[in-house]
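Counting starts at 1 for both ligands and their atoms, in listed order. Here the structure is a predicted model, which means the values were calculated and not measured. Position 1 is the first residue of the sequence, and the numbers go up from there.
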Amino acid sequence: MRYLRILIWSLLSIMRSQLVGQPVYTVDPQFSVHDLQPYLEYIHDVDQVITPEQVLSDSALVFTIQDERTRYLRIGEIYWGRITLQTSKALEGWTLNFEDRLEGLPAWTKSNGQVDVYGFSRGNQIFHKKTGVEYPSKERDVQDTWFLNKVSIADVPIDQPIDLVIKIKGNALGYPPYFHATLRSPKQPYYQKAFAFGESFNVFMLGVTFIIFLYHFLQFLYLRERLFLWFSLWVLFCCLTMAMSVGLIIGAVHQYRYPMWNIIANGVMYSFWFFGRSFINSKAKFPKLDRFILMLSIAMIVEILLTALYVSVFNPQTYLTGVGIHYKMIILYSSLSIVVSIILMLKKDWFARYFGFGAIIVSLAFVVGGLWSERIIRLPIDSVPVDPYAWGMFLQIVIYSFGIAYRQRTLLLKSQEEKLEAQKNYAEMERIKDLDEIKTQFYTNLSHEFRTPLSLIAGPLELARKSQDRPGAPIQISPKTFNIIERNTQRLQHLIDQLLELSQLESGKVHLKLSQGNLIQFLKSIAFSFESMSESKGLSFNTSFPEELPMAYYDKDKLEKIIGNLLSNAFKYTSDGGAVTLSVDFSESHYVIEISDTGKGMTKEEVKRIFERFYRVEGTEAKGSGIGLAIAKEMVDLHNGQISVNSRMGEGTNFKVRIPYTLECLPEHRLLVSPKNTSAPSISEKDPDLPSGFVLNGETPSPPAQHATNNNLPLVLLVEDNPDLREHIGQILNKRYRVLSAEDGVKGERLAIEHIPDIIISDVMMPKKDGYQLCNDLKSNTKTSHIPILMLTAKAGQDNKMEGLTLGADAYVIKPFNSEELLIRINNLINNRVKLWEYFNAMEFVVVEDLDVQSVDDQFLQQVMHIIRSNVDNEFLSVEDVAQEVGFSRSQLHRKLKALCNKSANQLIIEFRLNEAKRMLENKVGTVSEVAYSVGYSNMSYFTKSFKQKFGMLPSKV
Ligand code: ADP
C-alpha cells in the first residue's frame with residue numbers, strides 16, 4: 001500500500017516538477033500526525049555551496065524522495081530537503097519534527113547537528129527557523145528538548161502553498177543526519193514514548209539519583225564525613241549522566257558538549273572507586289590494593305581529560321561519541337575493576353566484601369556497555385530501551401545506598417561501643433581520681449587523728465624530761481600527767497583497732513557470722529551493760545523490749561558493736577540529767593532498734609555527714625575520732641539493714657537501725673555458727689572515755705561464766721584503775737586463773753584480805769591508795785604478807801623498781817608488757833611457793849621455832865606452831881581455835897597456810913602431834929600410850945593407825 005502510494009507520488013512529483021513544480025501537501029488538522037517523509041525531496045550538498053533559493057527554484061538540482069534504505073544519511077555531510085504545505089486552518093501549536101527513530105542510544109549521542117528551516121511564500125522567504133544540538137539553545141525555534149529537532153509551524157499562512165526548504169547537518173559527535181519529517185499537533189507531541197519526558201526510565205533514574213545525591217550531600221554537610229562527599233559526588237555524576245540521557249544539559253552547552261559528556265558520564269566510572277576507598281577504608285586496611293585502585297582511577301581520569309581535550313582542540317570525526325581508543329580504555333578499566341572487586345570480595349572484611357559485590361555488578365555493566373558502544377556486541381536495546389550504563393548505575397546506587405546505611409549502622413554500633421568503653425574508662429578514671437582524693441583526705445584526717453594523742457603523749461614526756469633535776473636523775477611524772485599519757489596511748493590503740501575494723505569491713509573480707517538465738521535476751525544484756533554508765537553519768541536510761549522473739553539469726557559481735565556505738569554516743573553527747581532510751585521492735589523479718597537521747601542534737605548539715613569517716617560535729621572533736629558511726633553504718637550495711645538519724649538541735653537525737661533476722665532477708669555471704677557459741681554476750685567496748693565499771697566491775701571475776709566454776713584454778717587479784725587495761729589483763733589471765741579485780745588500792749586491799757588470793761597484780765598509779773602503799777600494807781599484814789605481788793608500772797627507772805621491791809613487791813612488769821611475759825612472771829611467782837613448801841616440808845615444822853625468823857610469814861608460821869605446840873596435849877584443839885588465836889578467819893587461815901606450806905591447819909595440827917610423838921618415843925620419854933595421850937590422842941588405835949600412816953611403822957617399834 002505504502003509502496004503504491006510512493007509510486008503514485010513519485011509519478012505525481014515528476015509530473016509536478018515538470019508541469020506545476022513541487023506537489024502541495026495539504027494539512028488536514030483532523031489528524032494529529034502527518035508523516036511528510038514520502039513527500040519530502042532531498043539533495044546531498046556535497047560541496048556545501050547550495051543556497052535555500054537554489055533549493056527552491058534551481059531546476060538544475062536533482063532531488064530525490066528519501067526511501068527506507070536512506071533514512072540515515074552520511075555523517076558529516078550537508079543535505080537539503082524541500083516540501084510544499086498548504087493548510088485551510090490555523091495550525092496552532094503544531095510543529096515540524098525531524099524524528100530520530102533510532103531508539104536506545106543515550107540522547108547525547110543523538111540529534112542532527114544543525115537544522116535550518118526556511119519558509120517561502122510565493123517565492124519570498126517568510127521565515128528562517130533553526131533547531132539541532134549544534135545551534136545555541138536561544139537560536140533554536142522551540143525551546144523544547146534539543147534532540148527532538150523541531151520547529152513551530154503555527155505561523156504559516158492559511159490557504160496558500162508554503163514552500164519549506166530544510167538544510168540538515170549531522171551531529172559532530174558522529175551521529176548521521178536525518179530528515180524523518182513529520183507534522184505533529186500539540187495533542188501528540190512525541191514521536192517516541194521513551195522521550196516523553198516523565199515516562200522514561202532515565203527520567204525516573206534522574207529523580208532517584210537526584211534525591212539520593214541530595215540526601216547524602218546533606219549528610220556530608222552535617223556529618224562532615226568524606227564517605228558521604230565521595231558518595232554524593234558519584235551520585236551527582238550519575239544524576240548528571242541521567243539528565244544528559246534524557247536530553248538535559250547537553251543542549252545548553254552545545255559547544256562543549258563532548259568534554260561535558262566525557263567528563264560527567266565517564267566520571268561515574270572512576271568516582272565510585274573514590275567512594276569505595278573511603279567506604280572500605282582501604283588505605284588503612286589494604287594499602288597495596290588501595291594504591292592500585294587509586295592508580296586505576298587516576299589513569300581513567302587522565303584518559304578522559306585527554307580525550308576531552310583532543311576532541312575540543314582537533315575536532316576529530318567521532319562515531320557515536322567514540323573517540324580513538326576511549327571505549328577500549330573503558331573496557332580495560334572496567335575489566336580491571338572487576339578484578340579489584342573480586343579481590344575485595346575475597347577479603348575478610350565485610351565492608352570490602354560488600355563494596356566488591358557492588359563494584360562487580362557495575363563494572364560488569366560497564367564492560368558490557370563498552371563492548372556495546374564499541375559495537376562488538378549487540379543488545380536488544382530496541383525492546384528494552386535502557387542502556388547498560390543506566391542499569392549498572394541503578395543497581396549500584398541501590399546497593400551502595402543500602403551499603404552506606406549498613407556501614408553507618410555498623411560504625412554507629414561500634415562507635416557506641418567505643419563511646420561506652422570510653423565512658424567506662426572515664427568513669428573509672430574519675431573513680432580513681434575520687435579514690436585518690438578520698439585517700440588523701442583519709443590520710444590527712446588520719447595523721448591529724450594520730451597527731452592529737454601523740455602530742456598528748458609526747459608533750460608531757462618532754463615536759464617531764466625538762467623538769468629532770470640533773471642528767472641521770474629520775475624523771476618525775478605526776479599521776480595526772482601519767483594518766484593523760486596513758487589515756488592517749490589507749491586512745492591511739494582504740495583508733496588503730498577501729499581503723500583496722502573499718503578497713504576490714506571496707507575490703508569486703510568481713511562476713512556475717514550468724515547464729516540462731518534469743519535476740520531479745522541478747523539485746524537486753526547489751527543494754528544492761530550500760531546501766532552502770534547511766535548511773536555514773538546521772539542519766540536516766542529507759543529500755544523497752546518486746547515479747548520474746550523466739551529464734552532469730554544475728555551476728556553477735558557486730559550487733560554489739562553497732563548498738564554499743566550508738567549507746568555510748570548517746571551517753572557521751574547527753575549531759576547530766578538527760579535521758580537515753582533504747583527500744584526494740586520487730587516485724588516478720590526485721591527488728592528495729594531505736595536509740596534516742598535528749599542530748600545536744602545536731603543540725604541537718606551535721607546529720608548528713610556523721611557517717612563519714614573522721615567526721616565529728618564541731619566542738620565534739622575531743623570526745624572521739626569520728627569513726628564509730630562509719631563502722632556502725634558499714635556493719636548495718638553488711639546486714640542489708642538500714643540506719644537512719646533524726647536529730648534536732650538542742651532537743652536530742654534518734655538513731656533507728658533496721659536489720660533483718662531471717663535467713664531469707666539476710667545477705668547470702670555469711671557464715672552460720674552453732675548456737676552454743678553465742679549464749680552470753682561479752683561486751684568488748686574499748687572506748688577510753690567509758691567510765692570505770694563498764695567492763696569488769698569491782699569484784700566480778702572475769703569472765704564470770706567460765707572461771708567462777710573452776711575453783712581449783714589459782715585466784716589472782718588485779719588492782720588496776722584503767723578499765724580497759726583491767727579487762728585486757730583479765731582476758732590474758734582468765735584461761736589459767738580466776739580473776740578478781742579492783743579499781744583502786746583501797747578496794748584492792750580489802751579484797752586481798754577477804755579472799756587471800758594466790759597472787760596480786762597491782763598498778764602503781766591508782767586513786768585512793770597507790771601501788772606502793774598497797775604493797776606495803778599487804779606485806780605488813782600477816783594475813784596477806786605471803787601473797788606474791790606483781791607490780792605493773794610504766795615507770796621503767798631502776799630507782800622505781802627498787803622502791804617497789806624494798807616495799808615488798810615480788811616482781812615488776814613494765815607497761816606496755818606483752819601477755820606472755822606477764823603469764824610467765826605470774827607462773828614463776830606461784831611456783832616459788834612450791835619451793836617454799838618443800839622447804840617447810842623438809843623442816844618438818846619442829847624446828848621452825850628455832851629459826852632466826854624475820855619475815856612476817858615466818859613469824860606467822862612460828863606463831864601458829866607456837867599455838868599448836870602449847871596445845872599439843874589438847875585433844876580438842878580446833879582450826880577455829882588456832883585462827884582465833886592468830887586473829888584470822890577460818891578460811892583466811894586455811895588459805896594462808898595452804899599458800900605457805902600447802903597444808904591445811906588441821907593437817908598441820910595432826911602432823912605436829914605425830915612428829916612430837918615420834919620425837920618423844922625416840923627420846924623414850926614414856927610409853928606409847930603416855931606419849932599418845934600427851935600429844936592429844938585419847939584413842940590409842942586411831943593414834944597407832946595415824947602414826948603408821950605417817951611414818952610407815954608402829955609407834956611401838958620406834
Ligand atoms: P565519735 O567517736 O567521735 O563519737 P562517731 O562516728 O560515733 O564518732 O560520731 C560522729 C559524730 O557524730 C560525733 O563526733 C558527734 O559529734 C556526732 N554524734 C553521734 N551521735 C550523737 C548523738 N547521739 N548526739 C549528738 N551528736 C552525736
Element-labelled atoms of ligand 1 that are located less than 4.0 Å from some non-hydrogen atom of Tyr615: 10 (C), 11 (C)
Between Asn565 and ligand 1, find which residue part has any heavy-atom pair under 4.0 Å and reply side chain, backbone, both or neither. side chain
Any N/O of Gly601 closer than 3.5 Å to an N/O of ligand 1? no
Using distance alone, determine whether Phe655 and ligand 1 share an N or O pair under 3.5 Å. no
Expected output: side-chain Arg658 to main-chain Gln642 donor-acceptor under 3.5 Å: no
Do we see a donor-acceptor contact under 3.5 Å between the side chains of Ser544 and Ser583? no
Could you list which atoms of ligand 1 come closer than 4.0 Å to a heavy atom of Ile627? 6 (O), 8 (O)
What part of Thr574, side chain from CB on, backbone N/CA/C/O, both or neither, has a heavy atom under 4.0 Å from ligand 1? neither
Take atom NZ in Lys513; do more than 12 heavy atoms of anything else shown fall under 6.0 Å from it? no
Note, Ile562 side chain near His639 side chain (heavy atom, < 4.5 Å): yes
At less than 4.0 angstrom from any non-hydrogen atom of Val617, what atoms of ligand 1 do you find? 14 (O), 16 (O), 17 (C)
Quick check: does any side chain N or O of Lys537 sit under 3.5 Å from a backbone N or O of Phe571, one acting as donor and the other as acceptor? yes
Apply the side chain to side chain donor-acceptor pair (under 3.5 Å) test between Ser647 and each candidate in Thr653, Thr603, Asp597; give the one that qualifies. Thr653
Within the structure provided, determine whether Ile826 and Leu733 are in side-chain contact (heavy-atom separation under 4.5 Å). yes
Please could you name the atoms of ligand 1 that Asn569 approaches to less than 4.0 Å, counting only its heavy atoms? 4 (O), 5 (P), 7 (O), 9 (O), 19 (C), 20 (N)
Using a 4.0 Å heavy-atom threshold (strictly under), name the region of Met602 that reaches ligand 1: side chain, backbone, both or neither. side chain
Are any of the N/O atoms on Tyr573, whether in the backbone or the side chain, positioned under 3.5 angstrom from an N/O atom of ligand 1? yes
Is it the case that ligand 1 has an N or O less than 3.5 angstrom from some N or O of Arg616? no
Counting only nitrogen or oxygen atoms and a 3.5 angstrom limit, does Leu629 reach ligand 1? yes
Lys572 near ligand 1 by a heavy-atom separation under 4.0 Å: yes
For Gly626 and ligand 1, answer yes if some heavy atom of the residue is under 4.0 Å from a ligand atom, otherwise no. yes
Hey, does the side chain of Ser540 reach the backbone of Ala579 with a donor-acceptor pair shorter than 3.5 angstrom? no
Assess whether a salt bridge exists between Arg465 and Glu462, defined as any Lys/Arg side-chain N lying under 4.0 Å from an Asp/Glu carboxylate O. no
Residue Thr653 vicinity, atoms of ligand 1 by number, heavy atom under 4.0 Å: 22 (C), 23 (N), 24 (N), 25 (C)
If only atom types and distance count, is the side chain of Lys558 paired as donor or acceptor with the main-chain N or O of His511 below 3.5 Å? yes
